[in-house]
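Data first, discussion second: the structure below is written as structure tokens.
Note that this is a predicted model, so its numbers are computed, not measured.
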Amino acid sequence: MPIRYLVPYILILTLAGCGAARTMAPDVRYYTLEYESPTLTGQQAKVAIALNRFGVAPEFNTGKIVYRDLSFGRQEYAYHQWRSAPQALVADYLRRDLQQSGLFLAVNQPGSSLPATHQLEGMVEEWMEVDGEDRWLATASLTITLIDLRARAIPEQVLFQRTYRGSEPAAKKNPGSVVEAMSRVMRTLSGRIIADVHAAVK
């Protein structure tokens with residue numbers, strides 16, 4: 001067959017292939033937390049707090065939204081993901097809320113050259129959607145350790161280590177509603193953590 005007759009067929013096959021590639025591309029949705037920093041009152045403590053990088057339990061060390069649909073079961077959405085890993089989200093929003101509270105002289109992010117008087121360490125123990133027959137919940141559990149960097153002995157260094165847990169119902173049974181509920185959870189936990197830190201360093 002002459003080459004001039006093959007050209008239209010090649011062009012058609014090429015366009016069809018491009019169209020198939022476009023339609024097969026997954027539509028991945030990325031989510032983050034959205035909430036106003038909790039409002040707290042009190043006298044500013046003349047301390048500088050450094051946030052260390054937070055850790056995370058292995059089963060939640062993923063950007064994908066994890067959900068529990070049965071006892072002992074853990075699944076994750078392929079196309080619904082957090083914009084950042086849970087430990088990064090929690091640390092970043094807690095740092096923002098600490099700063100916004102105005103209760104501390106300074107709040108340092110990891111790598112800051114400003115000397116700190118105290119250090120905050122954290123572990124994300126749980127960060128997931130829990131599916132029930134009647135409703136879905138956003139649940140989170142954070143372990144926070146507050147360290148006094150000025151103390152020499154370990155007993156004086158550790159001011160407290162506490163686990164904060166919370167859950168909120170999702171308005172609808174879909175990942176977007178779960179993210180909205182998780183934002184409420186984080187706001188509540190953040191407020192409790194900040195109040196405890198402030199009380200400990202005064």
Item to check | Derivation of the side chain to side chain contact (heavy atoms under 4.5 Å, CB included) call for Val130 and Tyr67 | outcome: CA-CA 6 Å; Val130 178; Tyr67 65 93; over 6 Å; no

Item to check | Exam field: side chain Ser101 to backbone Leu98, donor-acceptor pair closer than 3.5 Å | outcome: yes

Name the atoms and distances for all side-chain donor-acceptor pairs under 3.5 Å in residues 163-174, with sequence neighbours left out.
| from | atom 1 | to | atom 2 | distance (Å) |
| --- | --- | --- | --- | --- |
| Thr163 | OG1 | Thr143 | OG1 | 2.9 |
| Tyr164 | OH | Asp196 | OD2 | 2.7 |
| Lys173 | NZ | Glu133 | O | 2.6 |
| Asn174 | OD1 | Gly176 | N | 3.2 |
| Asn174 | OD1 | Ser177 | N | 2.8 |
| Asn174 | OD1 | Ser177 | OG | 3.0 |

Item to check | Validation row: His118, Leu159 side chains within 4.5 angstrom (heavy atoms) | outcome: yes

Next on the checklist: Can you tell me which residue among Thr32, Leu33, Val66 is in a side chain to side chain contact (heavy atoms under 4.5 Å, CB included) with Trp82?
Outcome noted: Leu33

Checklist entry - In this structure, are over 12 heavy atoms from other groups packed under 6.0 Å from Ile154 atom CD1? => result no

Checklist entry - Any chance CZ of Arg83 has more than 12 other-residue heavy atoms, nucleotides or ligands included, within less than 6.0 Å? => result no

Checklist entry - Which atom names give the shortest non-hydrogen contact between Leu103 and Gly42, and what distance separates them? => result CD2-O, 3.5 Å

In a table with atom names and distances, give each donor-acceptor pair under 3.5 Å that connects a side chain of residues 47-61 to protein atoms at least two apart or in another chain.
| from | atom 1 | to | atom 2 | distance (Å) |
| --- | --- | --- | --- | --- |
| Glu59 | OE1 | Arg74 | NE | 3.0 |
| Asn61 | OD1 | Gln87 | NE2 | 3.2 |

Checklist entry - Less than 4.5 Å apart, any side-chain heavy atom of Val28 and any of Tyr30? => result yes

Next on the checklist: Taking side chain to side chain contact (heavy atoms under 4.5 Å, CB included) as the definition, give me every residue that meets it alongside Val158, ordered by chain and number, with sequence neighbours left out.
Outcome noted: Thr145

Checklist entry - Mind checking whether Gln43 and Lys202 have side chains closer than 4.5 Å, heavy atoms only? => result no

Next on the checklist: On a heavy-atom basis, which atom in Leu89 and which in Ser84 lie closest, and how many Å separate them?
Outcome noted: CD1-O, 3.7 Å

Next on the checklist: I need the minimum non-hydrogen distance between Ala45 and Val201, along with the two atoms involved.
Outcome noted: CB-CG2, 3.9 Å

Checklist entry - Other hydrophobic cluster members with Leu149, side-chain heavy atoms of Ile/Leu/Val/Met/Phe/Trp/Tyr under 4.5 Å, chained? => result Ile147

Item to check | pair Asp131-Leu137: side-chain heavy atoms closer than 4.5 Å | outcome: no

Checklist entry - Can you list every pair that meets salt bridge (charged side-chain N to carboxylate O under 4.0 Å, His left out) and has a residue in residues 85-107, with sequence neighbours left out? => result Asp92-Arg95

Next on the checklist: Once rounded to the nearest 0.5 Å, what's the spacing between atom OG of Ser37 and atom CZ of Arg187?
Outcome noted: 8.0 Å

Checklist entry - Which atom names give the shortest non-hydrogen contact between Trp136 and Pro175, and what distance separates them? => result CZ3-N, 4.3 Å

Item to check | Trace of the side chain to side chain contact (heavy atoms under 4.5 Å, CB included) decision for Val179 with Ile65 | outcome: CA-CA 9 Å; Val179 171; Ile65 296 179; 4.0 Å; yes

Checklist entry - Heavy-atom distance under 4.5 Å between the side chains of Met128 and Arg68, does that happen here? => result yes

Item to check | Side-chain heavy-atom pair Phe160, Ile144 within 4.5 angstrom cut-off | outcome: yes

Checklist entry - Between the main-chain N or O of Ala116 and the side-chain N or O of Gln119, is there a donor-acceptor pair closer than 3.5 Å? => result no

Next on the checklist: Assess the residue pair His80 and Tyr31 against the criterion (side chain to side chain contact (heavy atoms under 4.5 Å, CB included)); give the C-alpha distance rounded to whole Å, side-chain angles, the decisive distance to 0.1 Å, and a yes or no.
Outcome noted: CA-CA 8 Å; His80 296 278; Tyr31 302 87; 2.9 Å; yes

Checklist entry - Taking only residues two or more places apart in sequence, or in another chain, which ones meet Tyr35 in a ring-ring contact (aromatic ring centres under 6.0 Å, His included)? => result Tyr93

Next on the checklist: side chain to side chain contact (heavy atoms under 4.5 Å, CB included), that's the test. Do Gln44 and Leu105 meet it? Break it down for me.
Outcome noted: CA-CA 7 Å; Gln44 185 184 77; Leu105 188 62; 3.9 Å; yes

Checklist outcome for this item: When rounded to the nearest 0.5 Å, the distance separating CG of Leu142 from CZ of Arg162 is 14.5 Å

Next on the checklist: To the closest 0.5 Å, what do you measure between OG1 (Thr39) and CD1 (Ile194)?
Outcome noted: 10.0 Å

Next on the checklist: Measuring only between side-chain heavy atoms, which start at C-beta, is Leu94 closer than 4.5 Å to Met186?
Outcome noted: yes

Checklist entry - Roughly how far, to the nearest 0.5 Å, is the OH atom of Tyr79 from the NZ atom of Lys64? => result 9.0 Å

Item to check | Closest non-hydrogen atom pair, Ala106 against Leu114 | outcome: CB-CD2, 3.8 Å

Item to check | Nearest heavy-atom neighbours spanning Ala140 and Met182 | outcome: CB-SD, 4.0 Å

Next on the checklist: Walk me through whether Glu34 and Ser183 qualify under side-chain hydrogen bond (donor to acceptor under 3.5 Å, both in side chains).
Outcome noted: CA-CA 6 Å; Glu34 288 188 7; Ser183 296; over 6 Å; no

